[in-house]
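Inspection log for the structure reproduced underneath, given as C-alpha cells.
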Amino acid sequence: MAGTWPTTYWHLLDDGRVQCDVCPRACRLHEGQRGFCFVRAREDDRIVLTTYGRSSGFCIDPIEKKPLNHFLPGTAVLSFGTAGCNLGCRFCQNWDISKSREVDTLADSASPERIAREALDLGCRSVAFTYNDPVVFMEYAIDVADACHELGIATVAVTAGYMCAEPRAAFYRHMDAANVDLKGFTQAFYHDACFGELAPVLETLEYLKHETGVWFEITNLLIPGLNDSVEEIDAMTQWVVDRLGPDVPMHFSAFHPDFKMRDRPPTPPATLSRARAIALGNGVRYAYTGNVHDVVGQSTACHACGATLVERDWYELGDWHLDEDGRCVACGAICAGVFEPRPGAWGSRRRPVRMAAP
Ligand code: SF4
C-alpha cells in the first residue's frame, strides 16, 4: 500500500514535459524529476505521489492546537503529516518535515482504514492532515478522509491554501474543517518570504466560504518587521470581513526564529494583542492570539453581548457558557462554528501514537 501512487491532476506539454496541476507552481517535469514539493514526481510519463501511506508520525493533539477554536472544542484530534511542501517559507516552523527529503523522516506507515480505526479507538473526534501541507499528499488525505467518514470521524486540513481550482474542489469535498494559513497580505511578502503568491490563497478562502460547507479559521503568523504593520493587518482584516464576513475566526500567532529566518526576534505578545484589536475593530467577531498565555485574547466572547462563551488559556478550556444549540446563555445570540452540547475533555495534552502492526 505505501509508496508510489498514481495521481489525476497533470497534463502532457507539447515539449514532452509533464506539468503537475495541483498547485500554482505548475512544475514541469522531465522523466525522473521531482516537483518543488519533492514528493510528487514524474514516473513513466505521469505524475505520481511518492509518499502515499507513509507518515512522519502520529500524535493526539487538542483541536485547539490546529488551531480551531470553533470546531468541536476540547476534543482530541489524531494528527499526522507526511513530507514535503509546495511553499518555501524561510520562516517555516515545521521545516524538518516540510523540507525533508522524505525517506529519513517517514518512519510510520498506515492504511487509511487503519488510521480511521485508530482515531476511533483512541477517542479522537477528528483526524487532521497537518505538520506539512496536505495539498502535496491530497490523494492519501482524501482516502483517509473517506475511511474516517465511514466511522463517523471528522476531517481537518491544516494548509496554506496554495492550490489550483480543480484539485481544490476535489480535496475539500472530503474535509469537514480547515485552518488556512494566511501568511501575510502583500504579494511582496509571499514572493520574498514564501516563494509563492498571495492571490491563489485568497481564492481558496473565498472558495471555502462561498462554495463549500467546510468550517474554516485563519491563522496569521506575525513576524516582527516583515508582516506585522498596522497597515497590513488593517488591510487583511478588512478584506476578511468584506469578502468572507465577520464570522471567520482569526488567530494571530507568535513567530519563533527558525529555519532560514533566525535573525528576527520572537513576536512580542503586544504585537499579537494589537493585531487582535485591529481585527475586532474592523468587525471580525472572533479574533485570537496564539502561541502565548493570554486568557482574554484566547477566550471566545459573544459578538452580541460580550459575555465570555468559552474560556481558554493556550489549549486548556475553562468556563463554558454556550447552550446545547451553540448559543450564548446570556443573550441567546448564536456563536458561529460546530459545537456539541458539551465541550470535550482532552485538555492540553499531546500524546505521540505509534501505529501498531495490524
Ligand atoms: S504540488 Fe508539488 S509537483 Fe505539483 S505543482 Fe505543486 S510543487 Fe509542483
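Atoms within a ligand are numbered from 1 in the order they appear, just like the ligands themselves.
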Between E31 and D45, is there a donor-acceptor pair closer than 3.5 Å when you use the side chain of the first and the backbone of the second?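 Pair found, side chain donor or acceptor close to backbone of D45.
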
Salt bridge between [X] and [Y], side-chain N to carboxylate O under 4.0 Å?
X	Y	value
R117	E113	no
E211	R168	no
E340	R125	yes

Sphere of radius 2.8 Å around atom 4 (Fe) of ligand 1 - protein N, O or S atoms inside: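 Only C20 SG fall inside 2.8 Å of atom 4 (Fe) of ligand 1.
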
Parallel, tilted or perpendicular: which fits the ring planes of W5 and Y52, with parallel below 30° and perpendicular above 60°?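 W5 vs Y52 ring planes: parallel.
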
Members besides V48 in its Ile/Leu/Val/Met/Phe/Trp/Tyr cluster (side-chain heavy atoms under 4.5 Å):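 Hydrophobic cluster check, V48: no partners found.
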
